[in-house]
Amino acid sequence: MSTLPVRVRFAPSPTGYLHVGGARTALFNWLYARNRGGKFILRIEDTDEARNTPEAMAAIFDGLRWLGLDWDEGPEIGGERGPYFQSQRKSIYDDYLARLTAAGRTYEDGGAVRFKFSRQPINVPDLVCGDVQFAATEEPDMTVRRPDGSYIFHFCNVVDDIEMGITHVIRGEDHLSNTWKHTDLFHAFGKHPPRYAHIPLILNPSGSKMSKRDEGAAVSSYIQDGYLPDAVFNYLCLLGWTPRAEKEKLDRAALITLFEVSDVHSANARFDMEKLKWFNAQYLREMSPDELLAAATPFLKTAGISTDASFAAAALQSVKEKVSLLTEFPGWVHFFFREDFPFEADAVTKLKSKPENKVLLEAAAAHFSTFADWSEHGIHKAIEEVAALQSVKPGVLMPLLRFALSGQTRGPGVTTIANLAGK
RNA sequence: GACCCCUUCGUCUAGCGGUUAGGACACGUCCCUUUCACGGAUGCGACAGGAGUUCGAUUCUCCUAGGGGUCGCCA
């Protein structure tokens, strides 16, 4: 048994946005490397100059970093086997092409260079799909270099995997049908192909491939929509893989320990935003007040709410089990931070229709103004006293007070609101 | 069209010849409760179809159907 140190790579092309499927591929590669004590390499496949954009490049880096997928070799990090941009590796490709030509495996065709397939049956052993047999091909020989001297994906991909010492290729199943071509190339170079693991695709809720128009296709959308990286990380793991554990909510350390690439399924999985939201809510709830304040502040700021107030962290805590996304916080806590908060129109009409409500509120206000013990306990006691004086149950007073204090019919406990808002 | 992968509740899945087919999300009901939630309990709900192998198929084989993917001088 070979015990080569594991070297895996994520090789995106900077031509659009970071696709959630790509992120999941990166995630599985990362998990595998971390589980095996190997290296996770980031390689940018930017051979198609016309389609590359700086924005797409930034989206890849930002998305991976947001998810906590740090790379051991690659852009901005460096490494022994660089450069890690294919656009900077032309001389290496030239060299490999020369070898192929010396072996009599290429020919020119209209200025382009084609690779002569072996036209033998090819077996692709796959850690996920098992042995996949491909009959001798009848496809036309594959172009590896364009007339302008630039190289084609399949060629660069194989050359780089050889040069970078990649031991395991974990990638989307959409590449499975082309893998025999890569195997043929490896053989032509006199190399053994790496171990392959083709992971299932992520489908949209209607069962077709996720595309830019589908909700949640871009990793950036999760950042914007108020998801937590740990929640997305956890959920993505569960799409195509079931950790051998009693529960589904698992932290990174546990996921690394449990990860086993041969446990990955071979069937495609549909994306379920509701379940992701559930995970997000779970992770939100276990955040400390400081962590939550830090995470939610940008979203509150966007809504025009400053979190400088000393009670900001406590205000967020008071509603954290009511929300699933960071973007929902402003709608739940805005009244803590401003004097002119809006009142729900329907509720205003409904409450005003009962004249006794006015009497009750005025009585409460009068009583509160004389009350000294402004703690949750003290406030609760005061409310009970007012209720007793007015001969109603405290439960009648609570909704009125909540509405007067917050303008809403939902929210934290009345005593909590009153206490945080201050006398 | 050819080739490749896949097929268990609505969704993600457990299962690796004998199970009352289990769990999670969602949904229904009940409890808790000053609202909204959380939480707890409970319910609804699946082996695509057909042959074969076997004492016995969700599980193994084949066929059909369906879904997805690949067949570029895109990656």
Side-chain angles (χ1 to χ4, degrees), chain A residues 11-16 22 44-48 50-52 86 109-114 124 126 128-130 132-135 137-140 142-157 171-181 198-203 205-209 235 237-249 265-279 281-282 285 318-324 332 347 380 383-384 387 393-403 406 408-417:
Chain A
S13 172
T15 55
I44 304 299
E45 307 219 332
D46 55 349
T47 55
D48 187 2
R51 296 173 61 202
N52 298 331
Q86 289 188 332
D109 176 17
V113 177
R114 287 182 181 270
V124 174
D126 191 281
V128 171
C129 302
V132 183
Q133 314 276 355
F134 294 90
T137 188
E138 290 177 21
E139 284 184 27
M142 156 171 82
T143 301
V144 292
R145 197 184 71 171
R146 303 183 186 91
D148 68 0
S150 63
Y151 290 87
I152 298 297
F153 161 74
H154 302 290
F155 182 83
C156 300
N157 200 263
R171 57 171 31 160
E173 199 198 88
D174 48 342
H175 289 291
L176 182 58
S177 297
N178 281 325
T179 302
W180 65 269
K181 297 176 184 173
H198 286 92
I199 65 178
L201 268 21
I202 296 179
L203 274 23
S206 44
S208 48
K209 198 175 179 180
Y235 176 69
C237 283
L238 268 27
L239 244 28
W241 173 51
T242 305
R244 299 192 185 197
E246 294 302 310
K247 53 181 183 173
E248 293 188 329
K249 182 169 173 295
H265 314 155
S266 45
N268 294 165
R270 297 184 195 205
F271 197 91
D272 184 356
M273 197 65 78
E274 289 306 312
K275 188 155 184 177
L276 205 211
K277 270 187 195 168
W278 178 81
F279 269 106
Q282 299 299 312
R285 269 173 225 140
S318 75
V319 299
K320 77 170 178 179
E321 76 280 2
K322 303 174 193 304
V323 307
S324 298
W332 285 88
H380 198 267
I383 292 172
E384 284 177 338
K393 291 178 180 174
V396 175
L397 225 40
M398 294 294 186
L400 290 175
L401 290 169
R402 165 175 297 99
F403 196 70
S406 72
Q408 302 189 339
T409 54
R410 58 170 201 187
V414 171
T415 54
T416 304
I417 297 176

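Computed from heavy atoms alone, side chains included, the values below leave out hydrogens, waters and symmetry copies. Owing to the predicted nature of the structure, the values given are computational and were not obtained by experimental measurement.
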Could you tell me the Watson-Crick or G-U partner of [N], where both distances fall under 3.5 Å? Say none if there is no partner.
N	value
B/C9	none
B/A14	none
B/A57	none
B/G43	B/C27
B/A37	none

Residue list, side-chain contact (heavy atoms from CB on, under 4.5 Å) with A/Trp278, at least two apart or on another chain: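 Partners of A/Trp278 under the side-chain contact (heavy atoms from CB on, under 4.5 Å) test: A/Gln282.
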Work out how far the [atom1] atom of [N] is from that of [M], and round it to whole angstrom.
N	M	atom1	answer
B/U7	B/C47	P	16 Å
B/G45	B/C31	C1'	23 Å
B/C5	B/U20	P	35 Å
B/G23	B/A65	P	36 Å

Contact pattern, 5' to 3', of nucleotides 1-10 of chain B - B, S or - by protein heavy atom under 4.0 Å: ---BSS----
If you check every side-chain atom of [X], which of [options] has the closest atom?
X	options	answer
A/Ile152	B/C73, B/U13, B/C71	B/C73
A/Leu239	B/A14, B/C12, B/A75	B/C12
A/Met398	B/G68, B/A26, B/U34	B/U34
A/Ser208	B/G68, B/C73, B/C71	B/G68
A/Glu248	B/A14, B/A24, B/G69	B/A24
A/Lys322	B/G69, B/A37, B/A75	B/A37
A/Glu321	B/A75, B/C73, B/A37	B/A37
A/Trp332	B/C36, B/C25, B/C73	B/C36
A/Arg410	B/G68, B/A24, B/C36	B/C36

Expressed in angstrom and rounded to an integer, what is the separation of [X] atom [atom1] from [N] atom [atom2]?
X	N	atom1	atom2	result
A/Leu201	B/G67	CG	P	16 Å
A/Arg244	B/C16	CZ	C1'	10 Å
A/Tyr151	B/G72	OH	C1'	18 Å
A/Phe155	B/C74	CZ	C1'	17 Å
A/Gln282	B/A26	CD	P	9 Å
A/Glu274	B/A26	CD	P	7 Å
A/Lys275	B/G23	NZ	P	13 Å

Distance-only side-chain donor-acceptor flag, A/Arg146 / A/Ser150, under 3.5 Å: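 Judged by distance alone, the side chains do pair up.
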A/Thr179-A/Arg171 side chain donor-acceptor pair, cut-off 3.5 Å: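 Yes, A/Arg171 and A/Thr179 have a side-chain donor paired with an acceptor closer than 3.5 Å.
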Sugar-phosphate, base or nothing in reach of [X], heavy atoms under 4.0 Å:
X	value
A/Pro205	nothing
A/Gly207	sugar-phosphate
A/Lys249	nothing
A/Asn178	base
A/Asn157	nothing

Where the chi angle of B/C38 falls, syn if within 90° of 0 and anti if not: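 Syn, since the glycosidic angle lies within 90° of 0.
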Between [X] and [N], does any side-chain N or O lie under 4.0 Å from OP1 or OP2?
X	N	answer
A/Arg146	B/C74	yes
A/Lys277	B/A24	no
A/Arg285	B/C38	no
A/His175	B/G69	no

Whichever of A/Pro147 and A/Leu203 has its nearest RNA chain B nucleotide further upstream toward 5':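 This one resolves to A/Leu203.
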A/His265 or A/Leu276, whichever maps to the more 5' nucleotide of RNA chain B: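 Closer to the 5' end of RNA chain B: A/His265.
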Test ring-ring contact (aromatic ring centres under 6.0 Å, His included) applied to A/Phe279 - qualifying residues, sequence neighbours left out: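 Scan of A/Phe279 (ring-ring contact (aromatic ring centres under 6.0 Å, His included), adjacent residues dropped) gives none.
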